[in-house]
Each structure stands twice: as C-alpha cells, then as structure tokens.
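Here the structure is laid out as structure tokens; the discussion comes afterwards.
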Amino acid sequence: GAGVSQSPRYKVAKRGQDVALRCDPISGHVSLFWYQQALGQGPEFLTYFQNEAQLDKSGLPSDRFFAERPEGSVSTLKIQRTQQEDSAVYLCASSSTRGAGYTFGSGTRLTVV
Amino acid sequence: GENVEQHPSTLSVQEGDSAVIKCTYSDSASNYFPWYKQELGKGPQLIIDIRSNVGEKKDQRIAVTLNKTAKHFSLHITETQPEDSAVYFCAASRGAHNAGNMLTFGGGTRLMVKP
C-alpha cells in the first residue's frame, strides 16, 4: 500500500480483556517498530522487528504485552488483561533498508474502561 | 539511556512570524535528529532531519540547526501559515532505522498560528 495501515482505528476494551492491534507496513519495508503514545506526550518505543525477527523488545512495559510478525510483513501487538494505564495511542512505523526515516501509521487509540 | 527535552510546550505566533522550537539530548552517541509534525488524529510525519556531520539543514521555510558540543538542536519555521498549526516532536537516535535504532522523542510543542 501507499502508507502504513493500522486497524482498528479505535478500540474500547473493558479492564481485563485481551486486545489485538494490527499493523500493515509499507510493502517491502524490512524494519517495523511499535510505539506507545500517551495523551499529550511523545511516542515511546515498545519493540522492533527486522523482517520476522523481533530484535528488540526492551520497551514492552510488562509481560502482558506481546508482538509478532510471523511472515515479515503484517505485525500484531497483543495486550493481555488490559489495565487502565494501557490506554494510549499505539503507533506502528516501518522503514526501508535505505534508512530514509520512519513512516508512521495513524495509530490505534485504545481506551480501557 | 537517551533523554530528550523539548521547549516550549506551547507556542502561539501570528501568521507570517517565525517559530523556534528547541531540544536538548543527553546521549553523546546520538547522531540522527529528526523532527515530526503530528496533526490531530494522525501519526507523526517526518518534516526534516539532520545528521551529526552537518550543522544546519534547510528545506524551504523549515530549517534545523545542530550543536553537538552543547547537545542541542532547534527547528526554525519562517513565514508561518495557519496550516503549520500542529504538535511538533523532536527526536534523537544512535543511527539508521534499518539497524534497529529506536527514536527517543521529546515531549512535543503545540504550535498555534493565528491568522
């Protein structure tokens, strides 16, 4: 596609529910990043994939957060047993091997009630 | 780890005036400094970036300066227009994204351009 596509755009979850957020990167982009953006703040790094390999997951806030990219294309960020503090916009970004900078998707706004 | 501070948090200017946003960073190994513009309901969009081997870069009405010794960099927007109104983020990284180097973002500046 022309850009990074994320779905759903909005997700409301009851506390304790599991959620899955999807990211479709730009075709052919090797690198894929997930960031978490709390209201009124800058994005914070969660995890990084190079193709299907998750090379850095140091930013995942707890073991309730899990990400995968099994075929080196689409990625899914899963949050188990959601808590109110998980409420944020989750941004996905992809980058080509030429290192021309990230392209971000529009994000998924997660609200945990 | 890296820490990026950004000032001011809000900035209001009259259309046609200039706007300056400043950032400082802590990691001397950082060598890539992009600026992003984020409009409501959208993801951040890269508007300009600078690498550590360059002191200044300009693209039409936008310019960025870097002082590696002082560990600070700034965004300059001249002849501001209402469509420049958005939240701007600075960021720092140790290198190329294809090598997995993550970005550390500043807290953002809400720029309002009054017509």
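So that the names make sense, note that chain A is the first sequence line, chain B the second, and so on, each numbered from 1.
- Around the CZ atom of A:R15, the shell of radius 6.0 Å holds no more than 12 heavy atoms that belong to other residues, nucleotides or ligands.
- What you find for B:M102 and A:F33 is that their closest heavy atoms are CA-CE2, 4.2 Å.
- Within the 4.5 Å cutoff, no side-chain heavy atoms of A:F45 are placed close to those of B:F105.
- Heavy atoms closer than 4.5 Å to chain B are found in the side chain of A:Q37, but not in its backbone.
- B:Q6 does not touch chain A: none of its heavy atoms, backbone or side chain, sits under 4.5 Å away.
- Residue with the most contacts toward chain B among A:A93, A:G42, A:P43: A:P43 (heavy-atom pairs, distance under 4.5 Å).
- Panel note: side chain A:R9, backbone B:G41; a donor-acceptor pair is recorded below 3.5 Å.
- Hydrophobic clustering (ILVMFWY, side-chain heavy atoms < 4.5 Å, transitive): A:V89 and B:L103 are in one cluster.
- More than 12 heavy-atom neighbours from other residues, nucleotides or ligands sit within 6.0 angstrom of CD on A:E52.
- Options B:G108, B:P44, B:G106, B:A91 differ in how many heavy-atom pairs under 4.5 Å they form with chain A, and the most are formed by B:P44.
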Query - Derivation and outcome, side chain to side chain contact (heavy atoms under 4.5 Å, CB included), residues B:N101 and A:Y48 - result: CA-CA 9 Å; B:N101 291 291; A:Y48 162 68; over 6 Å; no
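- Heavy atoms from other residues, nucleotides or ligands lying under 6.0 Å from CD of B:E83 number more than 12.
- Both A:L60 and A:Y90 are part of a single hydrophobic cluster, where members link through side-chain heavy atoms under 4.5 Å apart.
- Residues B:I48 and B:L111 fall within the same hydrophobic cluster, defined by Ile, Leu, Val, Met, Phe, Trp and Tyr side chains chained together at heavy-atom separations under 4.5 Å.
- For A:L91, the part sitting under 4.5 Å from any heavy atom of chain B is the side chain, from C-beta outward, and nothing else.
- At a 4.5 Å heavy-atom cutoff, A:F49 makes no contact with chain B through either its backbone or its side chain.
- When the shell of 6.0 Å around CD of A:E71 is examined, it contains 12 or fewer heavy atoms from other residues, nucleotides or ligands.
- Annotation: side chain of B:L46 is not in contact with side chain of A:F104 (no heavy-atom distance under 4.5 Å).
- In A:Q17, the CD atom is crowded: over 12 heavy atoms of neighbouring residues, nucleotides or ligands sit closer than 6.0 Å.
- Heavy atoms of A:R109 lying under 4.5 Å from chain B are absent altogether.
- Ring pair B:Y36/A:Y102 is tilted by interplanar angle, where 30° to 60° counts as tilted.
- Around the NZ atom of B:K68, the shell of radius 6.0 Å holds more than 12 heavy atoms that belong to other residues, nucleotides or ligands.
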